[in-house]
Enquirer: 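This is the structure, below, for whatever I ask next.
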Amino acid sequence: MSNKHLKNTNPYNPLPEDFFQQPTLKLAEALLGCLLINETEEGIASGYIVETEAYMGPEDRAAHSFGNRRTKRTEIMFSEAGVAYTYVMHTHCLVNVVSGPTDKPEAILIRAVEPVDGIELMKKRRNIEIPKNLTNGPGKLTKALGITMGDYGRHFTEPPLLLVKGITPQEISRGKRIGIDNSGEAKDYPWRFWITDNPFVSRHRKKD
DNA sequence: CTGACGATCCGCT
DNA sequence: GCGGATCGTCAGG
């Protein structure tokens, strides 16, 4: 990948080899501040991850892999950590980082990023001008970065979809996940993480 | 084949 | 805060 036109991400600092091997809840926190990059024919776009949610597999009623549910869609969750699990929600594509050991179907949903490179491209893709609204939601950031179902199963350790070292969050907050109200007790688990006070976090709950 | 269901977004109140 | 849009996936007949 050419770094020529990147103003904030040159050079890339690769993540340590074992970065994706840590336990899912730790990884969900460690992903905050990492730079998510995607390269397409249209160009390069990237953003710092500012909000994540952990989905803990068989015991988590909110997870697609609850009860070890294994279908064509969830299959990739059963593979090695560090690959992309993309799926379509209504009209939007959402992206997860697969985590946990092989055959343990855990994943981390990327809920929001802070735009870094390719902001003009993001505006064009999202068809809006306001920077704050470009990537402050899981469906918004995939559209802004050009992430699609074609990225299903790709490794985050190599282009075109890449995760590299970014910034170190000053403070991290933790609370309940969003949009899973029909999942029994699982809806109250504090498995959502975000960079405290970051303006690109998708939304705030009254009670966390 | 059919229908039910969302890990959402957007516009409007 | 609320409701409609809108569509791929999955399970059941």
Side-chain angles (χ1 to χ4, degrees), chain A residues 24-25 27-29 31-32 36 47 49-79 81 83-100 104-115 122-154 156 161 163 173-195 199-208:
Chain A
T24 295
L25 289 176
L27 180 58
E29 208 171 323
L31 282 170
L32 294 175
L36 175 62
I49 296 176
V50 300
E51 182 182 1
T52 60
E53 275 180 4
Y55 287 85
M56 300 300 285
E59 303 85 29
D60 180 2
R61 268 192 75 180
H64 293 156
S65 53
F66 175 64
N68 272 315
R69 200 155 170 273
R70 193 162 186 160
T71 67
K72 189 177 160 195
R73 180 175 71 149
T74 63
E75 183 61 35
I76 202 68
M77 295 179 76
F78 291 81
S79 69
V83 300
Y85 168 41
T86 51
Y87 76 96
V88 175
M89 171 60 173
H90 288 79
T91 56
H92 310 282
C93 179
L94 275 58
V95 64
N96 295 251
V97 179
V98 171
S99 66
K104 286 205 71 183
E106 302 172 351
I108 296 153
L109 171 67
I110 300 175
R111 284 198 57 90
V113 307
E114 173 176 334
M122 296 191 209
K123 288 180 178 174
K124 180 181 150 204
R125 284 169 169 159
R126 292 269 296 124
N127 197 28
I128 60 171
E129 286 297 322
I130 305 170
K132 189 191 152 211
N133 295 335
L134 286 174
T135 55
N136 59 344
K140 299 178 190 178
L141 74 92
T142 54
K143 186 167 185 192
L145 296 181
I147 296 170
T148 67
M149 285 308 292
D151 293 304
Y152 185 92
R154 284 200 168 136
F156 282 105
L161 190 60
L163 269 172
S173 296
R174 174 175 187 167
K176 297 177 185 180
R177 293 174 293 180
I178 287 177
I180 53 166
D181 293 336
N182 285 337
S183 301
E185 292 188 355
K187 76 181 196 318
D188 294 324
Y189 298 159
W191 290 345
R192 172 181 172 230
F193 302 87
W194 66 95
I195 296 180
F200 294 92
V201 166
S202 66
R203 62 167 143 145
H204 305 278
R205 274 197 171 188
K206 280 186 180 170
K207 206 177 172 183
D208 267 310

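Labels below follow one simple rule: chain letters A, B, ... track the order of the sequence lines, proteins then strands, and each chain is numbered from 1.
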Enquirer: Does A:Leu94 reach a base, just sugar-phosphate, or nothing at all? Heavy atoms under 4.0 Å.
Expert: sugar-phosphate
Enquirer: Are the side chains of A:Ser202 and A:Trp194 in contact, using a 4.5 Å heavy-atom criterion?
Expert: no
Enquirer: Please list, in numerical order, the residues of residues 128-143 of chain A that have a heavy atom closer than 4.0 Å to any atom of DNA chain B.
Expert: A:Gly137, A:Pro138, A:Gly139, A:Lys140
Enquirer: Is a side-chain donor or acceptor of A:Ser65 paired with a backbone partner of A:Pro105 at a separation under 3.5 angstrom?
Expert: yes
Enquirer: So, for A:Ile108 and A:Ala28, which heavy atoms are closest and what is the spacing to 0.1 Å?
Expert: CD1-N, 3.5 Å
Enquirer: Taking side chain as C-beta onward, heavy atoms only, is A:Tyr55 less than 4.5 Å from A:Ile180?
Expert: yes
Enquirer: Under a 3.5 Å cutoff, is there a donor and acceptor pairing between the side chains of A:Asn136 and A:Lys140?
Expert: yes
Enquirer: Given that A:Met149 and A:His92 both sit by DNA chain C, which one's nearest nucleotide is further toward the 5' end?
Expert: A:His92
Enquirer: What's the shortest heavy-atom distance between A:Val113 and A:Leu36, and which atoms?
Expert: CG1-CD2, 4.4 Å
Enquirer: First and last nucleotide of DNA chain B in contact with chain A, 5' to 3', at under 4.0 Å to a heavy atom: what are they?
Expert: B:dG6 to B:dC10
Enquirer: For the residue pair A:Ile195 and A:Val201, establish whether any side-chain heavy-atom pair is separated by less than 4.5 Å.
Expert: no
Enquirer: Dot-bracket for DNA chain C, please. Rules: Watson-Crick or G-U, both distances under 3.5 Å, ( ) within the strand, [ ] when a pair crosses earlier ones, | for another strand, . otherwise.
Expert: |||||.||||||.
Enquirer: Using every non-hydrogen atom in the two residues, find where A:Ile110 and A:Leu141 come nearest and quote the distance to one decimal.
Expert: O-CD2, 3.5 Å
Enquirer: Scan A:Arg126 against the nucleic acid and name what it touches under 4.0 Å (heavy atoms): base, sugar-phosphate only, or nothing.
Expert: sugar-phosphate
Enquirer: Heavy atoms within less than 4.0 Å of DNA chain B: which residues of residues 63-76 of chain A have one? Give them sorted by number.
Expert: A:His64
Enquirer: Evaluate the side-chain proximity of A:Glu75 to A:Arg70: yes if any heavy-atom separation is below 4.5 Å, no if none is.
Expert: yes
Enquirer: Provide the closest heavy-atom pair for A:Lys72 versus A:Tyr152 in the form atom of the first, atom of the second, distance.
Expert: O-OH, 3.2 Å
Enquirer: How would you list, by chain and number, every residue that makes a ring-ring contact (aromatic ring centres under 6.0 Å, His included) with A:Tyr189, sequence neighbours excluded?
Expert: A:Trp191
Enquirer: Using the rule side-chain contact (heavy atoms from CB on, under 4.5 Å), only one of A:Leu109, A:Leu145, A:Ile147 pairs with A:Val95; which is it?
Expert: A:Ile147
Enquirer: Which pairs count as side-chain hydrogen bond (donor to acceptor under 3.5 Å, both in side chains) when at least one residue sits in residues 83-95 of chain A, sequence neighbours excluded?
Expert: A:His64-A:Tyr85
